[in-house]
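Data first, discussion second: the structure below is written as structure tokens.
The model shown is predicted, which means the values in this text are computed figures rather than measured ones. Computation of the quantities below employed the complete heavy-atom set of this structure, encompassing side-chain atoms and omitting hydrogens, waters and symmetry-equivalent molecules. Chain letters run A, B, ... following the sequence lines, proteins first, then strands; residues in each count from 1.
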Amino acid sequence: MSEQGVTPQSVDFSAWYNDIVVKADLVDNPERTPVRGCMIIKPYGYELWEAIRQGLDKRFKATGHQNAYFPLFIPMSFLQREAEHVEGFAPELAVVTHGGGKELEEPYVVRPTSETIIGDAMSRWIQSYRDLPLLLNQWANVVRWEKRTRPFLRTSEFLWQEGHTAHATYEDAQAETLRMLDIYAEFAIHEAAIPVIKGQKSEQEKFAGALASYTIEAMMGDGRALQAGTSHNLGQNFAKAFNIQYVDESNKLQYCWTTSWGVSTRMIGAIIMAHGDDKGLRLPPRLAPIQVVIVPIYRNDDEKSRVMPVVERLAAELQDAGLRLHVDRRENLSPGFKYNDWEMRGVPVRLEVGPRDVDNNKAALARRDILGKEGKQFVDQAGIVDTVRQLLEDIQASLLRQATEFRDGRLHEVVGDYDRFIDIIRGGEWALTWFSGDAEGEAKIKADAQAVSRCFPLEQPYAGESGPCIVTGQMTDRMAYFAKAY
RNA sequence: CGGGGUAUGGCGCAGUUGGUAGCGCGCUGUGUUUGGGACGCAGAGGUCCUCGGUUCGAGUCCGAGUACCCCGACCA
């Protein structure tokens with residue numbers, strides 16, 4: 001039993017996570033992957049990424065963005081043009097010094113992100129205000145040399161999308177930054193069933209080279225925070241570094257205002273840790289590669305010949321209805337083994353069809369979010385599509401509700417009481433408090449609680465009011481969340 | 001980059017005093033099984049991380065190297 005399961009969350013959440021990514025067949029065992037810090041994403045894990053990708057891509061297109069592709073290699077000098085940017089990324093760059101057997105005149109950096117090379121292209125593509133806004137997105141891999149890696153959460157190479165846009169005014173760029181943050185939040189909540197908090201990063205935590213960075217912060221099953229997506233208003237920093245200019249209506253030359261925003265394979269880690277339990281993954285139906293698995297049950301050829309036609313008929317109905325379905329036809333594995341196997345993989349709904357069901361025109365329907373007998377019901381074969389559809393919607397809502405209740409029970413508002421504030425964070429929960437946002441205050445909290453600010457939430461509970469900064473005691477006008485983070 | 005550890009079949013491990021390399025799982029074949037993690041029988045599978053040394057003889061002892069893992073400082 002324990003050999004086939006995962007380490008319980010309560011015993012060691014980190015070991016639970018490491019077990020689950022392998023046993024749910026999302027990635028190859030990281031210890032066997034030949035390239036340090038990089039992932040082999042297996043088909044089941046990649047299908048999950050594809051679902052995320054489709055959900056986001058659809059939303060980007062609907063808001064006027066177009067996909068393009070830029071080189072993997074970026075001239076080193078490009079990075080150096082934006083001082084803060086190169087400083088931020090220098091420690092984690094992979095650099096190509098040789099090509100075709102010869103040393104390169106100028107080393108190439110393997111892109112850690114593409115602001116620079118896209119900025120360079122934008123400078124050539126944009127001339128007039130009529131060219132604006134320019135709304136681009138790229139689906140790509142990027143490389144950031146990491147010392148300590150974990151599948152999906154932090155790897156040296158990861159997959160993501162990076163949106164890059166150019167606008168005529170600060171206001172337009174700011175609106176775009178927040179619009180994409182909204183899209184990320186809407187996607188996280190409605191597709192991934194993860195309640196997220198939208199907020200602004202502190203000066204210390206913002207993207208290297210940005211004017212302002214925004215984030216969606218999610219709470220994982222151990223209470224820690226995970227940044228699940230970011231959106232940056234880059235101001236004119238990159239426009240000035242790369243000469244992204246346009247002539248306005250009155251024929252005056254102006255610098256553009258640019259943005260960038262990204263969601264990565266880390267979102268998979270968020271889904272695992274927001275919903276998973278000791279039986280394995282629990283995937284939100286809207287993103288699950290397999291929404292329904294059918295397990296046929298029979299003891300001999302006679303029963304098999306009675307059961308399989310019903311299985312095939314139900315499978316065809318569900319598939320024709322557009323549901324993502326799999327029939328587990330493996331021989332020599334007991335039904336019990338298969339139940340556990342699909343539970344490990346997080347399939348939301350399991351349909352069992354055995355001889356008794358065939359006789360009664362029924363099928364057993366089990367839901368992943370409620371284990372055991374309570375989650376199992378015998379339903380009519382007639383109308384199976386509607387029944388399953390309804391159940392999938394229930395599960396989607398149930399996962400979001402569970403994650404929201406879990407999170408809300410661990411959010412605490414603290415005013416003035418620094419010791420309590422530190423205790424909450426150290427206890428693995430989130431503290432919302434007045435914070436002036438300065439570097440020294442953040443460093444003190446980091447030293448005391450091993451945590452930094454997650455964000456200043458956009459929805460401030462006391463908007464327009466002020467309170468005493470948790471560190472300095474001086475009045476300030478915004479509250480911030482603090483929590484241990486991934 | 002500092003501290004600790006590991007390296008033996010696909011995976012997890014054992015291997016005594018230096019003397020023919022083993023167990024569990026998995027895998028292949030076969031028969032019985034199958035409504036919550038089935039079992040019997042028969043098989044396949046090894047450069048014991050690498051290089052060097054000691055020895056009649058090294059998985060085991062010595063030296064060097066390499067790789068990986070875990071814990072701390074930086075990060076979508």
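- Using a 4.0 Å heavy-atom criterion, one finds that A:G354 contacts the bases of the nucleic acid, with or without backbone contacts as well.
- Residue A:R350 is classed as a base contact, given a heavy-atom separation below 4.0 Å to a base.
- For the pair A:R454 and A:F482, the cation-pi test (distance below 6.0 Å, angle within 45°) is failed.
- At a cut-off of 3.5 angstrom, the base of B:G36 holds at least one donor-acceptor pair with the side chain of A:E343.
- The residue A:R36 sits close only to the backbone: its heavy atoms come under 4.0 Å of sugar-phosphate atoms, none of a base.
- When the nucleotides B:U34, B:C1, B:A76 are ranked by their closest atom to the side chain of A:F158, B:A76 comes out on top.
- Under 3.5 Å, the side chains of A:E176 and A:H65 contain a donor-acceptor pair of N or O atoms.
- The partner of B:C41 is B:G29, judged by Watson-Crick or G-U wobble contacts that both fall below 3.5 Å.
- When heavy atoms are screened at a 4.0 angstrom cut-off, A:E352 is found touching base atoms of the nucleic acid.
- Shown here, B:C68 forms a base pair with B:G5; the pair counts as Watson-Crick or G-U wobble because both key distances fall under 3.5 Å.
- Without hydrogens or angle criteria, A:N360 side chain to A:R356 main chain gives a donor-acceptor distance under 3.5 Å.
- Among the heavy atoms of the strands, none lies under 4.0 Å from A:N29.
- For the residue pair A:H164 / A:E162, a side-chain donor-acceptor distance below 3.5 Å is found, with atom types taken as modelled.
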